Amino acid sequence: MIMEFLISAVGLGALYALLTLGVALMFGVLGLMNFAYGEILLAGAFAMYLFRNEPWFVGAGMALVFAVAVALLSERLAFHPLRDADPVILMIASFAVSLALQSIARMTVLPRARGIAPEPFLSRRIEVLGADVSVLDLVTVGLCGVTLVAVAWLMGRTSLGIQLRAAAEDFRMAALLGVRPNLVIPAAFVIVGVLAGIGSVVLAARQGSVSADMGLQPMLIGVVGAVLGGMSSLKGAALGGFLLGAVTALLETFLPTDLIAFRDAFLFTALIVVLVVRPQGLLSGAKVRVS
Amino acid sequence: MMLSVDDIHVHYGASVHAVQGLSLQVGEGELVSVIGQNGAGKSTVLKAVMGVVPTASGRITFDGVEVGASGFSSVKQRMSYVPESRGIFAGLTVGENLRLGAIVRKDRKLVEADIERELERFPVLRRYWDRGASLLSGGEQQQLAIARALMLRPRLLVLDEPTLGLAPIVVDLIFDVVEQLRAEGMTILLVEQNAVRALEVADRSYVVQAPGRVLGEGTATELAAQPDVVDHLGFTPEGRVQP
């Protein structure tokens with residue numbers, strides 16, 4: 001029971017951390033609260049549906065391609081022309097992109113939810129240290145864990161990562177040192193696309209369907225997780241997302257059946273308490289070392 | 001002149017006219033200071049020089065190239081800026097901050113040599129190389145900011161209030177470094193509230209009064225002969241001892 005819960009909690013936490021990291025990276029580098037993040041995720045999930053008759057890894061690969069393509073296209077067509085605009089204008093633009101993509105999906109390929117048959121090997125359950133665990137949970141932990149480690153390596157050990165972190169902290173000062181907006185902004189969108197793509201693969205497998213509005217909840221999770229951890233700290237945002245996922249799993253497992261329907265009420269009450277104590281988020285503004 | 005600022009006006013919004021027709025020049029190898037009281041517009045002038053704030057009118061040129069013109073890049077012109085806020089990236093380590101100063105350089109071996117040079121100039125940075133920059137004291141952060149600016153091998157170093165809020169011993173250290181850089185032939189534009197020390201180290205100085213106008217300019221000796229300047233400063237300027 002404990003082992004099953006741990007794997008489930010770590011898996012959901014890692015997935016939420018991925019979602020949160022995408023939101024926080026965009027906010028840090030561009031000052032953009034990107035509400036179209038959910039539709040980048042939708043693009044990935046739609047690729048999983050489109051390639052549902054191909055081997056699973058083909059669909060997963062195409063999900064990354066679709067998500068990165070939509071992320072880059074939104075940058076080029078919508079956000080690039082508004083690069084120097086007020087953050088409120090950027091936010092409204094992201095709403096517009098979100099609604100436009102959602103509407104296009106609804107009018108064309110996704111007028112209703114489409115089922116994605118679960119990959120047989122993901123539906124299996126195996127025994128791990130005496131516990132009966134679903135392969136999907138293990139894959140979620142593995143995929144999200146590897147992605148988070150890769151992002152940590154990219155951000156901490158590469159020149160691009162250092163430039164992204166600097167730009168996320170103080171874009172103007174970074175530019176004065178020679179960090180090029182035309183490099184870091186598209187790079188941030190590519191990373192966000194990859195994170196959303198991997199998130200969409202996991203979400204599509206967990207939900208077993210894809211619909212035009214499926215990006216809304218992950219986007220909200222990303223925003224809430226980032227606020228919880230601290231919008232100005234990528235590490236804090238990932239921690240916030242992880243905690244949000246882990247606590248969600250905890251509530252799903254241990255809440256009495258008749259209270260399960262109120263899970264989000266408990267979750268967001270806890271969130272409000274945390275934010276009253278630390279309004280800047282868990283790690284933002286804290287004196288922590290990043291690397 | 002390496003840097004020429006001609007009759008610039010800078011506005012913040014519709015109501016604040018922060019700089020009103022200020023001109024100054026900096027020649028190659030010169031250390032020029034800009035002194036004046038709080039709110040005189042000194043820092044705004046530096047921001048305009050670096051292209052951080054736009055000018056409403058007037059002209060700023062660096063080596064004949066207009067600042068803010070299409071294709072102008074302060075980094076490509078090797079202009080390094082240490083803002084009043086220091087601009088340290090708190091989420092990066094000391095080493096990462098320092099390396100960021102050379103991000104546009106391709107000569108990796110020389111970059112390593114320059115890092116070594118700056119660590120010798122500021123030994124405290126070697127000690128805290130792997131430490132998060134947010135953990136440094138104000139004086140240590142200022143040393144890091146100057147060292148990072150020097151990593152570009154700047155042709156013009158622009159320093160905005162480098163000793164603001166620092167302990168006297170650190171102020172001495174910063175001025176020692178400024179003099180050392182001047183002796184190495186670096187061109188420096190220094191904004192400083194500590195007028196006495198600024199006049200001591202500078203070749204020439206501009207005394208600025210609100211709202212962004214030059215009251216007087218020249219060497220310390222020349223400024224000492226200007227009653228308006230002496231009255232504004234509240235003391236008679238004494239420059240460094242010429243060799």
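Below, chain A is the first sequence line, B the second, and so on; all start at residue 1. Note that the structure is predicted; figures quoted are calculated from it, not measured.
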request  = May I ask you to decide if A:Pro186's main-chain N or O and A:Glu75's side chain share a donor-acceptor pair within less than 3.5 Å?
outcome  =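 No: the side chain of A:Glu75 does not pair with the backbone of A:Pro186.
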
request  = Please state whether the side chain, the backbone, both or neither of B:Arg99 comes within less than 4.5 Å of a heavy atom of chain A.
outcome  =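 Nothing of B:Arg99, per the 4.5 Å heavy-atom cut-off to chain A.
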
ask   = Given that the side chain runs from C-beta out, which part of B:Leu152 has a heavy atom under 4.5 Å from chain A: side chain, backbone, both or neither?
value =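 The answer is neither part of B:Leu152.
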
key: Electrostatic pair B:Glu118:B:Arg121 at N-O distance under 4.0 angstrom   =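 B:Arg121 and B:Glu118: salt-bridged.
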
key: B:Lys42/B:Asp160 ion pair, N-O < 4.0 Å   =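 Answer for the salt bridge query: no.
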
ask   = Where does A:Ala175 contact chain B at under 4.5 Å (heavy atoms): side chain, backbone, both or neither?
value =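 The backbone, not the side chain.
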
task = Mind ranking A:Gln163, A:Met173, A:Glu169 by heavy-atom pairs under 4.5 Å with chain B and telling me who comes out on top?
result =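 Counting heavy-atom pairs under 4.5 Å, the top option is A:Glu169.
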
inquiry  = Check the orientation of A:Phe35 and A:Phe95. Use parallel for under 30°, tilted for 30 to 60°, and perpendicular for over 60°.
reply    =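 Because their plane-to-plane angle is under 30°, the rings of A:Phe35 and A:Phe95 count as parallel.
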
